[in-house]
Every structure is written in C-alpha cells, then in structure tokens.
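What you see is a predicted model, and the numbers here were worked out from it, not measured in a lab. A note on names: the letters A, B, ... follow the listed sequences, proteins ahead of strands, and every chain is numbered from 1.
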There are 2 protein chains.
Amino acid sequence: MFSKACEYGIKATIFIAVKSLHDQRVSLKEIAEEIDSPVAFTAKILQLLAKSGIVDSHKGPTGGFQMDRTGIDNVKVYDIVCAIDGDKIFNGCGLGLKQCDAEHPCPVHDKFIGIRENLTTMLQKTSMFELATGLDIGLTQLKR
Amino acid sequence: MFSKACEYGIKATIFIAVKSLHDQRVSLKEIAEEIDSPVAFTAKILQLLAKSGIVDSHKGPTGGFQMDRTGIDNVKVYDIVCAIDGDKIFNGCGLGLKQCDAEHPCPVHDKFIGIRENLTTMLQKTSMFELATGLDIGLTQLKR
DNA sequence: CCAATAAAGGATATTTAGGTCTTTTTATCA
DNA sequence: TGATAAAAAGACCTAAATATCCTTTATTGG
C-alpha cells in the first residue's frame with residue numbers, strides 16, 4: 001500500500017506527536033529506536049517531513065524534532081503520504097494507465113472509485129492527535 | 001496499489017478473456033501489443049498465470065494463451081493479484097508491522113479494516129467475464 | 001570561545017522490482 | 001520427418017527503493 005519510507009514517516013510523526021503533547025523534543029536516535037527503523041534512512045525521511053512543514057527540527061544540544069499543538073491537530077495521515085509517496089495512490093489509475101477517467105475508463109475504473117474515495121477521506125480525516133492519543137494511552141503500538 | 005507485474009497480469013488476462021469469448025487464442029506478441037507492455041516481461045507474468053491455472057497456454061504453431069468459459073466466469077481479479085503480488089495487500093499491516101491484529105493494533109489498524117474489506121470484496125466479486133465484456137463492447141480501454 | 005550535540009547534506013552501497021536476452025522444449029504441418 | 005512457430009525456462013541486466021556512511025553546519029551550555 002505505502003512505501004517503506006512512508007510507513008516510517010507515519011510512525012515517526014505519530015511518535016513525535018506523542019512526545020510533543022508532553023512538551024518533549026525527540027532525537028532521531030530515539031525515534032528510530034521507538035519505531036524500529038534504520039537510523040540513517042529515518043533521518044532522510046525526517047528531513048523531508050521537516051521541509052514539508054509537517055514537523056519542526058532543531059539542531060544542537062537539546063535539539064531534535066517536535067510539533068506544535070496546531071500541527072498535531074491539523075496534520076493528517078494524508079499529508080504525510082502526499083509528502084513522501086505523492087498523490088499517485090489517490091489519483092492514479094488502478095491499472096497504471098496515464099489517461100484513465102470517466103470518459104476513457106480502464107476496466108476497473110468504476111470499481112476503484114468508491115474504494116479510493118473511502119481511503120482518501122479516511123486519511124484526510126485522521127489527525128496526528130487522534131493517533132497519538134491512542135498510542136499514548138497504550139491502545140495501540142508502533143513496534144513488532 | 002499493485003505492482004507493475006500485477007497491472008500487466010490483470011490487463012493481459014482481461015484481453016485473453018475477450019479473445020477467448022470469441023474462441024480465439026492469442027500469442028504473447030499480440031497481448032503485449034494490446035496492453036502496451038514489454039514483451040519479455042509479459043512472458044514471465046503469463047508463465048506465472050499459466051502455472052497458477054488462471055490461463056491455459058499452448059506451445060507450437062497456432063499456440064498461445066486462452067481461457068475456457070468456466071475460467072472466464074470464475075477467475076476474479078482477486079485471484080490474479082494473489083498469484084502475482086500475494087495477499088499482503090489484503091492481510092498485511094498498513095504500517096508494515098509483523099504482528100498487528102485486534103489484540104495488538106497499530107495506530108491505523110481500525111481505520112484500515114473497512115477499506116481493506118471493501119477492496120477485498122470488490123476484487124473477489126469482479127470476474128474476468130464482467131471486465132472482458134465491458135472491454136469488448138468498447139466501454140473500457142486497456143491502453144494509454 | 002570551546003566543546004559537545006544533533007540535524008543537514010552528499011556520496012555510496014545494497015536490495016528489490018522491473019525488464020531483457022538466449023536457449024530449450026513442444027507442437028504443428030508441409 | 002524435418003522446418004518452423006510458439007511458449008517455457010533461466011540467466012542476465014538496469015533502475016529505483018532502501019539503507020549506510022561520512023562530512024558539514026547549526027545550536028547550546030559552560
């Protein structure tokens with residue numbers, strides 16, 4: 001469904017959100033440990049997320065990654081997926097055709113419309129706050 | 001969503017179904033031309049589909065690929081996806097966790113259940129016959 | 001200012017997906 | 001039965017995704 005980079009990106013952002021809700025910055029190392037991801041690769045993804053404005057980064061001692069409360073509420077899973085994997089999964093043709101629309105549909109075009117809409121809507125509605133609180137109170141997990 | 005191999009596999013099978021409904025075998029070359037795919041790569045995918053029993057293959061002159069009427073009715077998009085990409089898309093965790101179930105869910109587990117069910121059901125219900133007739137009467141396309 | 005810390009950035013390696021090519025096997029038919 | 005057409009099989013190549021390493025830059029506290 002998503003690329004590895006995107007999976008890591010979502011998990012990392014959720015973890016950063018949890019810590020930020022407790023007014024704590026987290027370092028790359030902590031993040032990679034928590035979400036069980038390769039450190040250097042995670043660094044690249046976090047750079048991208050920082051550039052996209054999804055997370056804030058700070059250098060130096062006491063530095064690390066964080067989100068402000070506005071971001072925690074406003075950033076949706078959809079934003080992370082778009083930043084890392086792009087919008088192909090939301091707009092691309094199920095069979096990979098360049099031109100595939102209501103006028104010139106591929107054989108599965110109509111079948112995919114509903115599913116894609118559900119997915120898009122769900123990801124657009126799901127905020128970091130919602131996912132972070134679920135993780136924070138132990139309802140969900142990021143490892144294993 | 002699907003791998004390239006899977007996209008080609010679905011398109012190829014639909015085309016074979018159309019031709020089979022007109023009692024015609026099709027060669028690899030015709031298939032690759034029709035679905036606009038690399039010939040040699042398509043050959044590999046068709047081998048896999050033949051081994052999986054999704055299409056029948058015949059060697060020699062007048063040889064090629066075909067499906068019997070039972071296959072055209074019974075083979076679902078789901079079967080092709082499973083044969084080529086496996087069932088990860090139907091059963092795997094959205095965030096790539098090994099262990100992710102109702103007991104130990106990842107943060108997006110519940111959110112994905114419905115969408116995944118919709119996708120699975122849709123693909124399990126969609127037969128080659130349905131897609132082949134849509135293509136045959138010009139309602140849909142495989143190119144561009 | 002200095003030393004320690006942490007992210008940024010560039011270069012490189014590894015793995016997987018995607019794609020190609022050649023040889024072998026099988027079937028048809030002249 | 002031999003020439004030929006077609007798929008099967010497997011070796012091989014390429015590009016992209018994944019992952020690592022190392023150097024640079026910014027920030028902080030002493």
Side-chain angles (χ1 to χ4, degrees), chain A residues 1-13 15-16 19-20 24-67 81 83-86 88-89 95-96, chain B residues 1-13 15-16 19-20 24-33 35-67 81 83-86 88-89 92 95-96:
Chain A
M1 179 119 264
F2 305 131
S3 69
K4 275 275 160 216
C6 197
E7 288 176 5
Y8 295 148
I10 295 168
K11 287 192 270 192
T13 309
F15 180 60
I16 294 167
K19 288 295 189 176
S20 294
Q24 292 176 332
R25 268 184 199 158
V26 268
S27 71
L28 166 63
K29 205 182 132 202
E30 284 178 87
I31 294 168
E33 265 166 27
E34 182 67 19
I35 71 175
D36 194 24
S37 66
V39 180
F41 189 46
T42 308
K44 301 284 151 160
I45 298 159
L46 286 169
Q47 274 177 44
L48 183 58
L49 292 176
K51 265 190 218 161
S52 308
I54 289 168
V55 302
D56 298 325
S57 70
H58 290 269
K59 295 183 177 181
T62 78
F65 298 88
Q66 67 182 68
M67 300 177 75
V81 175
I84 299 176
D85 283 352
K88 216 192 75 184
I89 192 168
L95 297 183
Chain B
M1 178 120 269
F2 304 130
S3 69
K4 275 278 161 213
C6 197
E7 289 177 5
Y8 294 148
I10 294 169
K11 287 192 267 191
T13 309
F15 180 60
I16 294 168
K19 288 296 188 175
S20 294
Q24 292 177 334
R25 268 185 201 156
V26 267
S27 71
L28 166 64
K29 206 182 130 199
E30 284 178 87
I31 295 168
E33 265 167 25
I35 72 173
D36 194 24
S37 65
V39 180
F41 189 43
T42 308
K44 273 217 277 200
I45 297 159
L46 287 169
Q47 276 176 44
L48 183 57
L49 292 175
K51 265 193 220 159
S52 308
I54 288 169
V55 302
D56 298 325
S57 69
H58 289 270
K59 296 183 178 180
T62 78
F65 298 88
Q66 67 182 71
M67 300 177 76
V81 175
I84 299 177
D85 284 351
K88 215 191 75 182
I89 191 169
L95 296 183

Does some side-chain heavy atom of [Y] sit less than 4.5 Å from a side-chain heavy atom of [X]?
X: A:Lys19; Y: A:Ile31; value: no
X: B:Ile89; Y: B:Phe2; value: yes
X: A:Ile16; Y: A:Leu46; value: yes

Could you tell me the separation between the [atom1] atom of [X] and the [atom2] atom of [N], rounded to a whole number of Å?
X: A:Glu7; N: D:dA17; atom1: CD; atom2: P; value: 15 Å
X: B:Ile84; N: C:dG19; atom1: CD1; atom2: P; value: 13 Å
X: A:Glu33; N: C:dA6; atom1: CD; atom2: P; value: 12 Å
X: B:Ile45; N: D:dA8; atom1: CD1; atom2: P; value: 13 Å
X: A:Leu28; N: D:dC21; atom1: CG; atom2: P; value: 14 Å
X: B:Leu48; N: D:dG10; atom1: CG; atom2: C1'; value: 15 Å
X: A:Phe41; N: C:dA11; atom1: CZ; atom2: P; value: 19 Å
X: B:Asp85; N: C:dA17; atom1: CG; atom2: P; value: 9 Å

message: I need the A:Ile45 CD1 to A:Tyr8 OH distance, nearest 0.5 Å.
response: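 Nearest 0.5 Å value for the CD1-OH distance: 7.5 Å.
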query: Start at the 5' end of DNA chain D and walk down; is the nucleotide closest to A:Gly60 or to A:Pro38 reached first?
result: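 In this pair, the answer is A:Pro38.
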field: 5' precedence on DNA chain D between B:Ser57 and A:Cys6 (nearest-nucleotide basis)
entry: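 So the residue in question is B:Ser57.
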From C-beta outward on [X], which listed nucleotide comes closest to its side chain: [options]?
X: A:Pro61; options: D:dA6, D:dT27, D:dT18; value: D:dT27
X: A:Ser27; options: D:dA8, C:dC21, C:dA7; value: C:dA7
X: B:Lys44; options: C:dA7, C:dG19, C:dG18; value: C:dG19
X: B:Lys59; options: C:dT25, D:dA19, C:dG18; value: C:dT25

- prompt: When all nucleic acid strands are considered with a 4.0 Å heavy-atom cut-off, which category describes A:Lys29: base, sugar-phosphate, or nothing?
  reply: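 A:Lys29: no heavy atom of the nucleic acid under 4.0 Å.
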- prompt: Which atoms form the tightest heavy-atom contact between A:Lys11 and B:Leu95, and what is the distance?
  reply: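 Of all heavy-atom pairs spanning A:Lys11 and B:Leu95, the closest is NZ-O, 3.2 Å.
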message: Quick check on DNA chain C: between A:Lys51 and B:Phe2, whose nearest nucleotide comes earlier from the 5' end?
response: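 Between the two, 5'-proximity favours A:Lys51.
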message: At less than 4.0 Å, is any side-chain N or O atom of A:Tyr8 found next to OP1 or OP2 of D:dT18? Yes or no.
response: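 No, A:Tyr8 has no side-chain N/O under 4.0 Å of OP1/OP2 on D:dT18.
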- prompt: Within the modelled atom types, does a donor on one side and an acceptor on the other bring the side chain of B:Lys4 and the base of C:dG19 under 3.5 Å apart?
  reply: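 In this structure, the two groups form no donor-acceptor pair.
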task: Please confirm whether any donor atom in the side chain of B:Gln47 sits under 3.5 Å from an acceptor in the base of D:dA9, or the reverse.
output: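 Pair found.
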